[in-house]
Enquirer: 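What follows is a single structure, and I will ask about it in a moment.
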Amino acid sequence: MFIEALHEIWKTSGFMALTWQHVVMIIVACVLIYLAIVKKFEPLLLLPIAFGVLLANLPLAGLMAEPASASEAGGLLYYLYLGVKKGIYPSLIFLGIGAMTDFGPLIARPSSLLLGAGAQFGICIAFVVAVALGFAPEEAASIAIIGGADGPTAIFLTTRLAPELLPAIAIAAYSYMALIPMIQPPIMKALTTKKEREIEMSQLREVSKLEKICFPIVVTIVCVLLLPSVAPLIGMLMLGNLFRESGVVERLSNTAQNALINIVTIFLGVTVGATAVAENFLRPETLKIIGLGLMAFIFSTVGGLLLGKLMCWLTKGKINPLIGSAGVSAVPMAARVAQIEGQKANPANFLLMHAMGPNVAGVIGSAVAAGILLSLFG
Amino acid sequence: MFIEALHEIWKTSGFMALTWQHVVMIIVACVLIYLAIVKKFEPLLLLPIAFGVLLANLPLAGLMAEPASASEAGGLLYYLYLGVKKGIYPSLIFLGIGAMTDFGPLIARPSSLLLGAGAQFGICIAFVVAVALGFAPEEAASIAIIGGADGPTAIFLTTRLAPELLPAIAIAAYSYMALIPMIQPPIMKALTTKKEREIEMSQLREVSKLEKICFPIVVTIVCVLLLPSVAPLIGMLMLGNLFRESGVVERLSNTAQNALINIVTIFLGVTVGATAVAENFLRPETLKIIGLGLMAFIFSTVGGLLLGKLMCWLTKGKINPLIGSAGVSAVPMAARVAQIEGQKANPANFLLMHAMGPNVAGVIGSAVAAGILLSLFG
Amino acid sequence: MFIEALHEIWKTSGFMALTWQHVVMIIVACVLIYLAIVKKFEPLLLLPIAFGVLLANLPLAGLMAEPASASEAGGLLYYLYLGVKKGIYPSLIFLGIGAMTDFGPLIARPSSLLLGAGAQFGICIAFVVAVALGFAPEEAASIAIIGGADGPTAIFLTTRLAPELLPAIAIAAYSYMALIPMIQPPIMKALTTKKEREIEMSQLREVSKLEKICFPIVVTIVCVLLLPSVAPLIGMLMLGNLFRESGVVERLSNTAQNALINIVTIFLGVTVGATAVAENFLRPETLKIIGLGLMAFIFSTVGGLLLGKLMCWLTKGKINPLIGSAGVSAVPMAARVAQIEGQKANPANFLLMHAMGPNVAGVIGSAVAAGILLSLFG
Amino acid sequence: MTVWEGILVAIFCISMVFFVLIGLSLLIKGFSFILGIFSSQMKQDTTPVPAQSETVLENELSLGILKLKDVDEPTAAMIMAIVSDESGIPLSELCFKSIKLLRQD
Amino acid sequence: MTVWEGILVAIFCISMVFFVLIGLSLLIKGFSFILGIFSSQMKQDTTPVPAQSETVLENELSLGILKLKDVDEPTAAMIMAIVSDESGIPLSELCFKSIKLLRQD
Amino acid sequence: MTVWEGILVAIFCISMVFFVLIGLSLLIKGFSFILGIFSSQMKQDTTPVPAQSETVLENELSLGILKLKDVDEPTAAMIMAIVSDESGIPLSELCFKSIKLLRQD
Ligand code: NA
Ligand code: NA
Ligand code: NA
C-alpha cells in the first residue's frame, strides 16, 4: 500500500508529465524574470507575466483549469483571468493611468496630437506585413497594435480579436516598451540632423484648471461618439483624469492610482502570463509576432519623427522633431528618451515637458487605432 | 472599398445613432459634473455618477450591454454593475462608513436615537404622496427613502424594490444631501424661536471604550433580530464600527475606510449613473421623484425639529431643538449645519458634538426604515 | 390592517424563529469577539470570523442565502463566500504573506527546513486519531491540518475536502495559533534540558540579494512539480516573496501586503464565520475537532523539538533545540516564543533570527503536507 | 394601493422606526448602566467626547499629557506642527503619545 | 484578406487616426480659446506647466508662495526637506500651502 | 479507512514532507554554493541578516551610513526621531539613505 501511494503521488506529480516544451517555457519564464528584475524591463507587468508563464507550464498544476462542473472549483488563475477575458482589467488600468497622467502639456500645445497620430504609423505597416505573412485580419490587427506601444490597449484588443495570441503580444508589447531607450535613439539620430536636435522650444503656456477639467469630458464625448468600441478604454482613461483634475475626489484618485491599479496589475500580469502554455506559445507564430512587434515599434518611431520633421519645417524650426518619437506612448519612457537625445545635442535643451504632449497623445492615438480596428474586425 | 469602410465606420459611429434624448442626457451629465466639481455636491459619488450618465448616453458604446452569449463578453459596466444589482456595494460602503463613524456621542446621550427616528418623518409623508401620485407601493417606498438622506440605503432599497428608478433616486438622494446647507436653515429658523436656538447644552459624559465596543454588537443583535432584511446594512455598518473601536485590527479598519470603500464608490457611482439611459430617465416620473425627494427632505427636517422642540420642552430647555434637524443623517453635513445655526444665534454655542448623536442615529434610523419597507414590499 | 402588518413584521422578525441553538451560537460569537479583542487572539481573523458567526446565527437574515433564481439576488455573504469556495482568498492571503516574509534566515541555514518538516508531526498523529474516532479520511485530513498551525492552508484544504467542517477547523486553527505562547512553553521545558536551552547559536551568514531572488523561483518549480495540487498556495506565496525580494515592483509588493490582503482577510473571515450555523457547528464533532486540534498542535511542537534535539546532538551542540518548536509556523509568534524561552534560560541568548528559519519553513512544510493530503484524498 | 392604505403604511412605518429606536436607546442606557458598574472595578480606558468646538479644543491641548524625553517644549511644538501640517489633520485631532529625542550630543 | 486589401485597411486606419486626432486638436484649441475668454472674468486658478528640467524647477521654488506663520525661513526649509525626504517626493513636486508654528514660547 | 491504514497514510505523509523539504534544503544549499561562486565576480548587493535582538540593533545603527548634506548630526538624529515617531516604525527598522538640508541661509 505504501508503494502504491508513492506510485500514486509520482503519477500525479508534475515530473511524469513534464515535456521538453514545458522545460523550454520554464526557461522562457526565467529569462523574462531576469529581464524584469535585472534589466528592469517594465517590471510592474513583466514580472507578474513571467511568473504566470512559470506557473502555467508546471504541468498538472491546473491553475487555469475551467471548473469541471458547476459545483467543483476551477483553477485559481481561471477565476482571476475572467477579468482579462471580459476586458475589465485593461479598462481599470486605464482608470489608474488616467489618474496619473497630466494632459496639461497636450492642452498647451494641441498640435502634439498630430505627433501622437503619426506615431501610430507602425501599426499600419505591421498590419500589412502580418497580412502578407498569412495572419488572419483579426490576428494581424492584434499584432499590429503592439506598435501602439501601449500594453493595456494591446491586451484589450487582443482579448477581443485573437485571444490565442494574447501571451505573445502582451510579452512583446511590454518588452519593447522597456526597450524604448535602446530602439529609439539610433532611429532618432538617423532621421534627424544635429541642427534639428539642437532646437530649443519655447516654454509652454500655462493651462488653467478649467481647461484641464473640460479636457477629459470633451475627449470622452468626441472619441466615444466617433468610435463607440473604444469607450471602455477612453472612457475610463478620462474618468481617471477627471478624478485627478477635478481636485474634489482626491480619495478616489489616489485609490485609482494605487490600490486599484496595483491589484488589477497583479491579476492581469499573472493571468496573461498563464495563457502562455507551451502548445500555443512555442509556435513559429510567436517568433513572427516578436519580429512584427519590433518592426511596428520601429516604424511608429519613424512615423512620429517624420511628422516631427514636417512640423519643424512648417513652423520654421520651432518644433524639435525629436519630440515626435515620444508619440509612440510608452509614457513616460519615450519622453525621457527625447529629453536625453535633445540634451546630448544641446546641453541647454529641455524637451521633457514638450515631449510629454505627444507622449500622452500617443496613448489616445493607440486607443483610437484600437477602436478603429475593433470596428472593422470585432 | 475605402468608401465602404468609411461608411461602415460612420454607420457604427455614435453620431448616426444620436437622438435628442441622448443630447439632453449628455447635458444633464455635464450639469451634474458641474455641480459635483464647482458646487462640491457630494463629489465622491456625484462625480462618478455623472460620468456614468455621460458614458451610458453616448450611443452604441454598449458599456452596460449584457453578454449576448455565454462565450462573448458583455460591457465593462455591466460586470461592475453586478455588485449594485446583488446589493454588495452598498453594504461594503456601510462597512467603510461604520469604520469612519464615532458613535460615542450617541452612546453618551441615547435619547439622540429618538431624534434620529423623528427625522424619518419625511419618508412617511413622501410615501403617502407618492402613492397618491399613482406610483406602485414598491416605487413609492423607494422614492420615500430619499428622505432618509442616506445614499447607500436608498440605493440598496431601490435595487431591491424598483430598480428602474435607481438613477433618479440615487441622483436625487446625493444631490439633496449636498444641498442640506441650503434646505435646512430656513426651516430651522421658521420652526424654532431665537431663544430655543440659543440654548447651550451640557457637556456629554465620557464614553468608555468598553461601551463603544459593546455598542455595535448589541445594535447588530437587536436590529437584525427585529428586522432581518436590514442585516446587510446594519450588520456591515456595525462590523466596520467594531473594527474601529476594537483597536486590535487597525489594518482592517484602515482598509475598510480607504482602499475598499473608494474602489466600491468608484464602481457604484459609475454604474448607478450608467443606468440613467434616456429611455428610463427622461420621463415625467423623474421630475416627480425629484420633487418628492425634496419634499421628503423638508419633512424629515421638520420631523426632527419638532421632536427636538418636544424634547426641549420635556427636558425644560436642556435640549437645543436645532440638533433635531441633524437626525436626517447626511453625516456630518447636517450636524455642521446645526452647529452653524446654533452659533449664529449664540456665538458661545457649540452644538457640533451634540448634533453628531442624532446625526449618526439618523443613519441607523433610515436603515431601519428601509428594513421595514423591505419587509412590507420586498 | 395595522394589526395585520404588525403581525406580518413579527412573523418575519428573527425573534419568532430564534431557537436555543441560535442563542448558544450568538454566545459563542460573543466569546470569540471577547477572545479576539481582549485576549488579542489573532484578532485580524478571529474578529471577522466571530462577527460572521454572529451574523449567520441571527435567524432569517439570509446573508448566506443562495439566490432563489438567476434573476433574484442572493445574500451578501453568499457572494463574498464564493472566494472561499473557489479557493481564491487563501491563495491571495498567501500572496500577501509571501510579500511580508523574509526567507533570508531559511536560506542562510537550509537545515531549518528539516525542523519545519518535523513540526508537521502533529498532522500525522491527529490524522490517525481522527480516523480512529470514526471521521472519514477527508475529514480526518482536514482536521489534522490544524496541526500545521497555518490558517490559510487549513481553510484551503478544508474547503476542498470537508467544507462542512470549515468553521470549526478555521476557528480552532486561529485560536490555537493565538494560544502558542501558552501551549508551547511547558512542552519546551519538559522536553529540553536547561543546558540545551542555554545554547547560543553562531550568527547566520549574510544572504545575497541574488539568493533571495532565486529562492522563490526554485521553490515554486520544485514544489509545484512534485505536488501540483499545492500550486495555488506555494505559487502565490512565492510570487509575493518574489515581489518583495526583486526590489523592482515595490508598488505591487505594498499592495499585496496591505490593501489586497486586508480586503481578502475581511471577506474571508466574515464568510468563514458565517458558515458556522448552529446545525453544523453544535455537534459533538466540533468538540472532537477542538480536542484533535489541540493534540495536533502539541505533537507538532513535540516533533519540532525532538528533531531539534536530534540536530543538536548531530551538530554537537551547535543547534538550540528550542528553535525546533518554531517549525510549527504561526509566524512570527512561534519564533518569539523560542526567543523568550531561550532568553529565560540564558539572558545572552538571542534565538529570534535562528528560529525564523524553521518558522517560515513551517509554512512551506504545512503547504506541502496539505498538497500530499490533497493528492491522496482530493 | 389606495392613499388611505398608504397613510396606514406610513403610520405603521414611522411607529415601527420609533419602536425600534426607542428600544435601542433604552437598551443602550441599560447597557451603559451595567457596564458602568463593572468599569469601576476595571481599568478605565476612556476617551473623552469633546463637546466644545475645535478651536476651544486646540487651546485645551496641553503638552502635559505628552511624555517628552530630552526634548524641550518648543521643539515638541514644532514637531507637532510639522506632523499636523504634513498630514493635513488639524492639531486638535492629532494625538501624540510621546516625543523623544535620539542623541542630541 | 489579400495584401492589397490590407494596405487599403492600413491607409484607412491611419487616416482615421489622423482624422480623429486632428479633430480633437482643433476642438481643444477652440475650447481653450473660449475658456480663455471666460477665464478673464473668472478667478484664475492656474497651474504652471513646467517646461524646464526638474533641477531648474527646484531653484525656482520660492518661499514667497508659502504662508509662514511665526516660522523663520530656515526652519521652513528644514521642514520642507524633512517632508520631501520622508515621502520620497522630490521637493520640486511638493506643494506647501502654509507652515505655521504652534507656540514657540 | 481502518486505523491501520490511517497509520500507513500518516507515515507516508510525514515521510513525503521530509522527502520534499530535505530535497529543497539540499537544492538551496547547492544553489547558494553555485551563486556564491558567481557572486565573487559580481557586485555584491547583500543585506545582512540580523542575528541579535532589536535593542542591540538600535545601538548598532550608526549615522555613518547616512549621507548628510549640510545637516549636523543632532539635527539628523532629530529628523530620524520625528519620522520614527510619526510613522510608528521603531528606529531600528527605519532605513535612511540621506538627509539633506535645503538652504539654511
Ligand atoms: Na501609442
Ligand atoms: Na436618515
Ligand atoms: Na506548519
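Lettering of chains follows the sequences in order, A, B, ..., and the numbering in each one begins at 1.
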Enquirer: Could you look at I372(C) and say if it's the side chain, the backbone, both or neither that has a heavy atom under 4.5 Å from chain F?
Expert: side chain
Enquirer: Looking only at heavy atoms, which two atoms of V20(F) and C223(C) are closest? And how far apart?
Expert: CG1-SG, 4.5 Å
Enquirer: Please classify the contact between F18(F) and chain C as side chain, backbone, both or neither, with a heavy-atom cut-off of under 4.5 Å.
Expert: both
Enquirer: Pick one of side chain, backbone, both or neither for L27(F), based on which atoms fall under 4.5 Å of a heavy atom in chain C.
Expert: side chain
Enquirer: What side-chain hydrogen bond (donor to acceptor under 3.5 Å, both in side chains) pairs are there with at least one residue in residues 119-129 of chain C, not counting sequence neighbours?
Expert: none
Enquirer: Side-chain donor-acceptor pairs under 3.5 Å in residues 132-141 of chain C, sequence neighbours left out?
Expert:
| unit_1 | atom_1 | unit_2 | atom_2 | d |
| --- | --- | --- | --- | --- |
| E139(C) | OE1 | A136(C) | N | 3.2 |

Enquirer: To the nearest 0.5 Å, what is the distance between CD1 on I14(F) and CD1 on I125(C)?
Expert: 8.5 Å
Enquirer: At a heavy-atom separation under 4.5 Å, does F103(C) approach chain F through its side chain, its backbone, both, or neither?
Expert: neither
Enquirer: I need the minimum non-hydrogen distance between T2(F) and V131(C), along with the two atoms involved.
Expert: O-CG1, 3.7 Å
Enquirer: For I221(C), which atoms come within 4.5 Å of any heavy atom of chain F: side chain, backbone, both, or neither?
Expert: neither
Enquirer: Would a 4.5 Å heavy-atom cut-off, applied to side chains only, mark R205(C) and S32(F) as touching?
Expert: yes
Enquirer: With a 4.5 angstrom heavy-atom cut-off, is it the side chain or the backbone of V219(C) that approaches chain F, or both, or neither?
Expert: both
Enquirer: When you compare the side chain of L113(C) with that of I22(F), does any pair of heavy atoms fall below 4.5 Å?
Expert: no
Enquirer: For E200(C), is the CD atom crowded, meaning more than 12 foreign heavy atoms sit under 6.0 Å from it?
Expert: yes
Enquirer: Let me confirm one number: the OG-CD1 distance from S25(F) to I364(C), rounded to the nearest 0.5 Å.
Expert: 11.0 Å
Enquirer: Closest heavy-atom contact between I28(F) and P110(C)?
Expert: CG2-CG, 4.0 Å
Enquirer: Nearest heavy-atom pair of I7(F) and V128(C): which atoms, and what distance?
Expert: CG1-CG1, 3.6 Å
Enquirer: Are the side chains of C214(C) and F31(F) in touch, meaning some heavy atoms are under 4.5 Å apart?
Expert: yes
